[in-house]
Each structure stands twice: as C-alpha cells, then as structure tokens.
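From a predicted model like this one, the values you see are computed outputs, not experimental measurements. Throughout, protein chains are lettered first and strands after them, A, B, ... in sequence-line order, and every chain is numbered starting at 1.
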Amino acid sequence: MCTDKVETSAHIVSQVAEELYLKCIRCGKCLSVCPIYRETRIETMSPRGKVALYRAVGEDDLPEISPVYASKFYTCLMCEACREVCPSGVELDVIMNQVRADLAHCGLLPDSLQRLSDIIVSAGNISDEDNARRLGWTENMASKPVGLDYDGQVEMVYFVGCVSSLFPASYHIPQSLAGILEKAGVSYALMGGEERCCGYPLLLNGESELALEMAQHNVEAARVTGAPQVVMSCPSCYHMWKHTYPEILGDDVLDGLEILHETEMLAGLARAGRLRFKPWPVTVTYHDSCDLGRKSDIFDAPREVLRAIPELELVEMADHRAHSLCCGGGGNLETYNRELAQALPLRRLRQAEEAGASTIVVSCQQCKRTLAGAARREKIRIRVIDLAEVVAEQIEEEPHA
Amino acid sequence: MLDPKIVAELESIVGEQYTLTTPEDLVAYSYDATFTSAKPDLIVLPSNTQQVSEVLKVANREVIPVVARGMGSGLAAGSIPFGGGIVMALTRMDRLLEIDRDNMMATAEAGIIASELAAAVAREGYLYPPDATSDSYSTLGGNIACNAGGARCLKYGITGHYVMALEVVLADGRIMRLGGKATKNVTGYDLVHLIVGSEGTLAVVTEATVRFIAAPETERMAQAFFPKLADAGLAINAVLASGANPSMIEIMDETAIKSVEEFLHMGLPLDIEAILLIQTDGDEADATRGIEIAAEICRQKGANQVQVATTAQERKDMWLARGSISGSLGRIRPNKLGEDVTVPHSAIPEMIARIKEISIKHNLPIVIFGHAGDGNLHPNILFDKRDPEESHRVEAAVGDLFQASVGVGGSLSGEHGVGVLKKPYLELALGPVAVEMQKRIKQAWDPNNILNPGKIFD
C-alpha cells in the first residue's frame with residue numbers, strides 16, 4: 001500500500017508500459033463500439049480516452065493520480081469490445097487490469113468496490129450471506145435435486161455461482177439446469193457451502209491475490225467430489241476457471257478436470273440425442289455475453305441448442321458474436337455507478353426489437369438480470385430467458401421410444 | 001486558465017455536469033486522429049442550439065477561442081485547440097429529427113454518428129451515399145465541416161453534394177438557417193456550401209438536412225492481386241475508361257496489405273505489390289456486367305488473381321481489410337501522417353510512382369492506400385515523432401508530396417481538410433489571391449477570430 005500521494009504517483013508511473021500505449025494511433029474506432037461512450041458521448045469515458053490518460057501518466061503530463069483519474073478506470077464494463085475492433089492491436093484489457101491493480105495497490109479503490117471485496121473475502125460470496133445458504137435455490141423445488149446427496153462416482157460437479165445461488169430472482173436457472181440433468185440421466189454433485197465466489201469480482205477490482213485464494217479453495221473443493229467435469233451456468237465463473245485459474249495457479253491446476261459452460265454441456269447432450277424438444281414457434285435472438293463469447297470464444301454451442309428446437313426462428317441483433325454489445329452488467333460497474341449501468345441495457349433491448357425478436361435468450365444470469373430489469377423499467381415487452389430455462393421448458397417429458 | 005467567473009457562466013449555460021475542467025478531461029480533449037495534441041482550458045458539451053448560441057456569446061464577448069468538434073477522428077489536426085480556450089463537443093446533440101420520404105431528405109443534429117444516420121435512411125429502403133471510412137466514429141457535423149468523402153464518392157460524390165440545409169450559430173451567437181428542401185436554389189450566395197468544408201472557422205453547424213437517393217438494387221465486389229504496383233495504377237484508368245461504371249476502386253499497397261493481414265489474418269497474399277478492390281452497383285444485370293468487365297481488365301493489366309465476391313458477407317470481408325488499414329498502421333511505427341492528396345485520373349499512375357520516389361529519397365516508409373478511383377490517395381508516412389531527425393525528414397517528405405500533387409494538377413486535400421497540417425502549403429495550392437480572398441471571408445464572419453483560430457490559414 002502506498003502511504004501518500006507522492007508514493008502513489010511514483011508507483012503508478014513506474015508501472016506504465018510504453019509499448020502498451022504507443023500502438024494507439026487514436027483513430028477512434030473503439031468509440032464506435034464502447035457501450036459507455038455510446039451512452040455518455042464523453043471522450044474521457046472512452047477507451048481511447050483511457051489510453052490517453054494512461055499515456056499522460058507515463059509521459060508526466062498529468063499532475064497527480066487523483067480519484068478523478070481512478071474513476072475513469074472504474075467506469076468500464078471490461079467487456080473488451082474495444083480490443084476486438086482495435087486495428088492497431090492495443091491491449092486495452094491489459095491496460096485496464098494493470099491500472100485497476102495499481103489503483104488497488106495504492107489504496108485508491110473506491111468505497112463501494114472496497115466494500116464488495118471485503119464482503120467476498122469475509123462471506124465467500126458477493127451478497128454477504130452465510131455461505132451455507134448457497135443451496136437456498138433448492139428449497140422450493142418439487143423434489144430435492146439428486147446432486148444434493150450424490151453418492152460415489154458422478155459425471156460432473158455443478159458450480160452454481162453466487163448470483164444463481166443467492167439471488168432469488170435467478171433461482172430458476174439452477175433449478176432448470178438440475179432438472180435437465182436429471183431428465184437426461186446425468187449424475188452430478190453440488191458443492192453447497194463449499195462453493196465460494198470464483199474470484200472474478202476481486203480480479204476486476206485489481207486484487208488478484210485475493211482472487212487466488214478463492215481459486216485455490218474452489219479447485220480443491222471440486223476435486224473432493226471426484227467428478228471429472230465442472231459445469232457452470234455463469235460465464236464469468238466459467239472464464240475464471242477455464243482461463244484465469246491456470247494463469248494464476250499454474251498450467252497443471254486443472255489436470256484431469258474438464259471445465260464446461262452449460263451451453264457446451266447442453267449442446268453435447270443435444271448432439272448425443274439425450275435431449276428431445278417440443279416445438280417452440282417463437283422468434284428469438286441470442287445475446288452473447290462478453291465473458292462467454294468475446295472472451296471465451298463460445299458462440300456456436302448456444303445457437304446449436306436453439307436450432308435443435310423445432311419451429312424456433314433464430315434472428316441476430318445488429319451487434320452479435322464477437323461484436324456483441326455488453327448488457328451493462330460487467331466490470332463491477334453496477335456496484336460502482338448503478339445509474340450509468342442501468343442506462344446501458346436499453347440500447348441492447350432496442351437491437352432485439354429491431355431484429356424482430358420477442359424473446360432474448362441469454363446464457364448468463366447477470367445478463368438476464370440486467371436486460372430483464374431494464375425491460376421492466378422501460379416497459380418494453382420482450383422476454384429474457386436463460387438457455388437452461390428454455391431447454392427445461394421445451395424438453396420432452398417422455399423420450400420417444 | 002479561464003477566469004472562474006467565466007467558468008461559472010458557462011456552467012450555468014450547459015450545466016456543471018457538461019462543463020469539463022479536470023486535468024483528465026483536458027487530456028482527453030487534446031487530440032484527434034493525428035500525432036499532434038494541445039489541451040483546451042475547458043470543454044463544454046451543449047445539448048441544444050440555444051446553449052451553443054449562449055456559449056458563443058460569452059466567448060465572443062471575452063474573445064476566447066472556441067473549437068467545435070465531434071468525435072475527434074479528424075486527420076488534419078483541424079479540431080485540436082492549439083490556442084487553448086473552449087472545446088465545444090457536439091456529441092450530445094445526436095438526435096435524428098426527421099426522415100422525409102416525400103422529399104427524400106433527412107434532418108439531424110450535428111452530433112449524430114454518420115453511420116447511424118445512414119442506417120436510419122437504409123431502414124427506410126434508401127441510401128445516404130457518403131461513406132467516410134470513419135463513419136461509425138465520426139459525426140455528421142464533422143463530416144460537413146471537413147466535407148468528408150469516402151469510397152463511394154467515385155460514383156456518388158462527397159458529403160457536400162448531399163447537404164441541402166444547415167442550422168448554424170455565428171461567432172456572435174446569432175442562429176441562422178441556410179438552404180432548404182427546394183432542390184434548386186440560386187437565391188443569393190450559396191452559403192450552405194461555404195460552410196461545408198469550412199472546418200469550424202466560419203460558424204458552428206448545429207443541424208443539417210441531407211438528401212438521400214434510391215438504393216441500388218444490388219452490389220458486386222471484386223479484389224484483384226497485382227504483383228506490380230504500377231500495373232495496378234494502369235488498371236485503375238483502364239477500368240474507369242471502360243464503361244464498367246464502378247462505385248468504388250480502392251487500392252492497398254504491399255505495406256498496407258501486410259499491416260492489415262497481421263490484424264485480420266484473412267489469408268491475403270504477402271508476395272504482391274498491390275490489391276485493387278472494385279465495386280459496382282445497380283440492377284443485377286448492370287452490376288454483374290460491370291464487375292465482369294473490371295475483372296477482365298485487371299487480368300489483362302497484370303493481375304495474377306481476381307476474386308469476385310458471391311455473397312454479401314464476402315463483400316463485407318473484402319471491405320473489412322481496406323477499412324482497417326489506417327488504424328492498423330500503429331503496428332508498424334508509433335506515428336503516422338496520413339495525407340489525402342487527390343490528382344486527376346490521368347495522373348494516378350504517375351502520382352503513385354512519385355510517392356515511391358519520395359519514400360526512397362527521404363528514407364521513410366510511405367504506405368499507399370485509398371480511393372484510387374477518384375484519384376484520392378492516402379500516402380501515410382510512418383515515423384516515430386520522438387526522433388527529431390526523423391520528424392524533420394517527415395516535414396521534407398510532406399513538402400515533396402504536395403509539390404508532386406500540385407505539379408500533376410492535383411489538390412492538397414481530397415477529404416480530410418487543411419487543419420493545421422497542410423496550412424503551410426495552402427498558397428502553393430491556391431495562389432496568394434485566393435488565400436487573401438478566403439481570409440477576407442473569415443474576417444467578415446468572425447471578426448474577433450474566435451472560431452477555430454489558426455486553422456486553414458493564420
């Protein structure tokens with residue numbers, strides 16, 4: 001921790017890497033895709049503006065590292081749409097992660113985000129609940145999920161994630177997935193109170209050391225179940241496990257464990273003939289979440305599942321696949337600046353309307369919360385539903401003989 | 001630093017939230033897409049014409065420079081506040097006000113993103129032809145201020161050809177409407193087209209009415225790979241003379257190809273000196289006939305491979321490479337000076353040859369790409385501005401470049417504007433009398449010289 005302004009500036013200046021900013025020739029292309037710039041139309045909030053600030057620190061052109069400076073770097077969804085379109089290859093994600101780590105190191109983490117970190121560290125989840133309450137979603141189900149009392153060798157462990165475990169409005173997602181697994185005859189285990197936050201919000205806060213502790217615990221707890229696969233509904237948990245855990249814990253940390261997102265698992269089951277669907281004559285569009293799509297390169301699996309449903313028409317929004325528009329739920333922005341975060345999903349809902357869809361299928365409980373919340377507030381008649389919920393609704397009760 | 005009383009007055013006009021003064025904001029509004037920068041004293045983001053007017057009244061009274069800008073994607077340093085003062089970003093004034101199908105005209109506020117205007121027109125089944133490569137990160141107001149071009153200009157003309165009416169605010173804050181929806185209008189001087197291309201030096205554009213046209217039924221695109229750059233230059237003229245009636249002919253030289261291939265990994269060949277990208281449009285028969293004629297000419301003129309896109313996605317992919325060149329050049333050197341000299345069709349091959357000579361003479365990489373069909377080339381000089389000796393050579397090379405263009409009957413700028421980067425060469429291109437007359441116009445419109453001072457000329 002830096003003790004004063006002088007030390008803070010010295011530390012942050014020393015971290016600036018010229019090769020990260022020199023590539024930016026300021027063409028402005030990132031402005032066309034940044035959800036925050038598109039909403040605010042203020043350059044200081046844009047990706048190009050952030051690179052310019054980073055550069056100004058490195059070139060001694062900003063008098064001090066102030067809370068204002070910090071605020072610009074927390075006003076970001078970390079959606080990486082900018083990096084995707086940058087013709088010059090500026091690694092904006094690297095810059096953002098580095099600056100957030102530097103700011104946290106110097107004690108400039110804003111109060112709201114500090115509170116989030118403190119809660120995760122003490123409670124093991126993002127909502128400050130008793131971590132043993134993680135199975136609350138199972139309580140009002142018609143029958144107890146078999147994963148609660150798994151016995152012996154199971155095919156997979158289901159890593160539910162904080163939002164689905166602890167936010168009642170999201171309970172239906174894990175309930176649906178558990179139901180699908182049982183109908184498809186897949187054996188699985190639930191970790192209950194042994195599951196902790198995947199560490200992603202800590203990483204977004206620039207606190208990778210704290211994230212590492214969460215990661216270590218989760219991998220050990222998953223191994224205890226003996227399952228060869230870990231499946232998750234949350235794209236952020238998935239991205240953390242699949243890409244970040246090996247980075248921070250070592251390449252071999254996942255040896256013998258296959259990490260799957262629910263969309264991949266569902267596509268696999270559909271392909272293997274273990275799922276059969278009733279017709280669903282609806283025009284739907286699929287919203288690619290940033291962590292699953294752009295950052296993890298999973299675009300086809302969810303679409304494959306949707307195309308397997310008879311009579312369903314799949315249409316694409318203007319921004320889709322690698323150029324998908326973030327729902328507004330990323331980057332801890334909702335914690336840092338709720339008003340701005342809530343203004344962002346409207347553009348996405350309009351894109352769905354323009355595509356002619358009556359339903360937006362997501363595969364992320366955070367995207368569902370964000371988009372459905374905005375639809376409710378703005379009185380837009382469009383349904384937002386998770387792929388697991390779609391499958392649970394459309395699955396044939398009795399497989400054909 | 002502005003007097004705190006003036007800052008307070010500006011805050012009372014546009015609101016505190018939209019009067020930006022932090023050191024961070026001054027950095028973010030100090031640049032455009034060139035290598036230069038200078039910080040303003042303050043930034044205002046007005047939300048309507050009345051606020052623009054009130055801000056200008058204060059600035060004119062206090063004689064404070066006002067630099068109007070959109071998204072800062074300019075390539076001539078035309079929106080950089082070299083003299084400090086107020087930057088007026090019009091980006092929040094981005095409403096589409098009307099699509100008038102009967103008159104085939106659209107009206108929007110100046111800050112609307114150009115591609116969003118074009119998309120709104122396209123949703124109605126029409127075409128707004130101006131298509132600056134930066135159209136998804138530049139504003140309508142900025143396009144008008146610089147009279148932006150684009151690839152389709154070859155067939156359809158530039159932004160100014162589509163501007164019918166403007167709402168502008170004068171230096172003293174008076175609001176004036178110019179032009180209208182009548183398609184012929186010779187009532188007095190054509191002030192609409194005086195403002196078009198005036199780079200924010202005569203008035204601030206706050207609203208514009210532009211016309212649109214019937215969309216062509218279909219488009220066809222081909223890319224031709226040339227082992228020799230000079231052959232590509234000759235093929236351009238042959239295609240233009242052929243009756244293929246292309247809507248665009250774009251060129252990329254070998255450095256441009258390498259740079260963009262590194263970004264996109266499209267499998268472009270790296271052992272050739274040039275690619276020509278040719279588009280035709282019209283009805284099915286016309287577009288197909290045109291692209292076949294063009295493809296055959298390219299083969300005759302030395303292309304070793306010609307690919308004709310068969311789907312809209314293939315056309316989009318072909319264009320993606322061309323549209324990404326400028327931004328991708330940062331991979332090669334940290335700075336670039338992108339010019340937009342435009343020469344008569346007949347001089348295209350000669351101009352290409354002269355650019356290559358200048359590159360060798362000054363020992364500087366110069367990438368050639370651009371809208372070759374209308375003679376508008378984008379020689380981009382790549383350098384590192386931290387090296388003073390190299391920067392000095394860049395200046396010399398630019399001088400030679402402009403001499404060469406003017407020498408073959410061309411212009412300094414086809415679509416970026418003069419800004420400050422081309423200012424030293426204005427007299428070379430226009431002669432002393434024309435420069436003097438332009439200065440008198442400026443004097444009449446902006447006697448206190450507060451509107452984007454020091455741009456185009458001193």
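- The two residues A:Lys29 and B:Ser324 have their closest heavy-atom pair at NZ-OG, 3.8 Å.
- Residue contact with chain A, scored on non-hydrogen atoms closer than 4.5 Å, involves the side chain of B:Glu116 exclusively.
- Contact annotation: the side chain of A:Arg26 never approaches that of B:Asp32 to less than 4.5 Å [non-hydrogen atoms, C-beta and beyond].
- Of the atoms belonging to B:Thr139, it is side-chain heavy atoms, and not backbone ones, that fall under 4.5 Å from chain A.
- Interface remark: A:Glu64 contributes backbone atoms only to the contact with chain B (heavy atom separation under 4.5 Å).
- Interface remark: A:Tyr37 contributes side-chain atoms only to the contact with chain B (heavy atom separation under 4.5 Å).
- With a 4.5 angstrom heavy-atom cutoff, B:Asp384 does not touch chain A via any of its atoms.
- A donor and an acceptor atom, one from each side chain of B:Glu24 and A:Ser66, are located under 3.5 Å apart.
- Using a 4.0 Å cut-off between a side-chain N of Lys or Arg and a carboxylate O of Asp or Glu, B:Arg386 and A:Glu18 qualify as a salt bridge.
- How far CZ of B:Arg331 is from CG of A:Leu22: 14.5 Å, rounded to the nearest 0.5 Å.
- Going from atom OH of B:Tyr31 over to atom SG of A:Cys24 covers 7.5 Å, rounded to the nearest 0.5 Å.
- Of all the listed residues (B:Thr91, B:Ile325, B:Ile113), the one sharing the greatest number of non-hydrogen pairs under 4.5 Å with chain A is B:Thr91.
- Taking OG of B:Ser30 as the reference point, atom CG of A:Asp61 lies at 7.5 Å (rounded to 0.5 Å).
- If you measure heavy-atom distances from A:Cys86 to chain B, the contacts under 4.5 Å come from the backbone alone.
- Of the possible polar contacts, none joining the A:Arg41 side chain to the B:Arg92 backbone as a donor-acceptor pair under 3.5 Å is found.
- Your options are B:Ser326, B:Gly327, B:Gly111, B:Gly74, and the one with the most heavy-atom pairs under 4.5 Å with chain A is B:Gly327.
- With a 4.5 angstrom heavy-atom cutoff, B:Ser134 does not touch chain A via any of its atoms.
- Heavy atoms of other residues, nucleotides or ligands lying less than 6.0 angstrom from CD of B:Glu314 number more than 12.
- A:Leu62 touches chain B through its side chain: at least one heavy atom from C-beta onward sits under 4.5 Å away, while N, CA, C and O do not.
- In terms of heavy-atom pairs under 4.5 angstrom with chain B, the leader among A:Thr40, A:Val68, A:Val33 is A:Val68.
- When side chains are defined from C-beta on, A:Ser32 does not count as touching B:Met71, because their heavy atoms never get closer than 4.5 Å.
- Within 6.0 Å of atom CZ in A:Arg338, 12 or fewer heavy atoms from other residues, nucleotides or ligands are found, so the atom counts as exposed in its surroundings.
- Ranked by non-hydrogen atom pairs under 4.5 Å with chain A, the options B:Ser138, B:Gly72, B:Gly338 are led by B:Gly72.
- In terms of heavy-atom proximity, A:Cys27 sits nearest to B:Ser73 at O-CB, 3.7 Å.
- Proximity to chain B is absent for every atom of A:Val90, based on heavy atoms less than 4.5 angstrom apart.
- Looking at heavy atoms from C-beta onward, A:Pro63 lies in side-chain contact with B:Pro23 at the 4.5 angstrom threshold.
- Looking at B:Leu20, the atoms closer than 4.5 Å to chain A (heavy atoms on both sides) all sit in the side chain, from C-beta outward.
- Contact between A:Ser88 and B:Gly330 at its shortest, heavy atoms only, is OG-CA, 3.1 Å.
- Smallest separation of non-hydrogen atoms from A:Ile42 and B:Tyr18: CD1-CE2, 4.3 Å.
- Between B:Phe35 and A:Ile25 there is no side-chain heavy-atom pair separated by less than 4.5 Å.
- For A:Ala52, the parts lying near chain B are the backbone and the side chain together; criterion is any non-hydrogen pair under 4.5 Å.
- Contact of the B:Asp25 side chain with the A:Glu43 side chain is not registered, since no non-hydrogen atoms from C-beta on lie closer than 4.5 Å.
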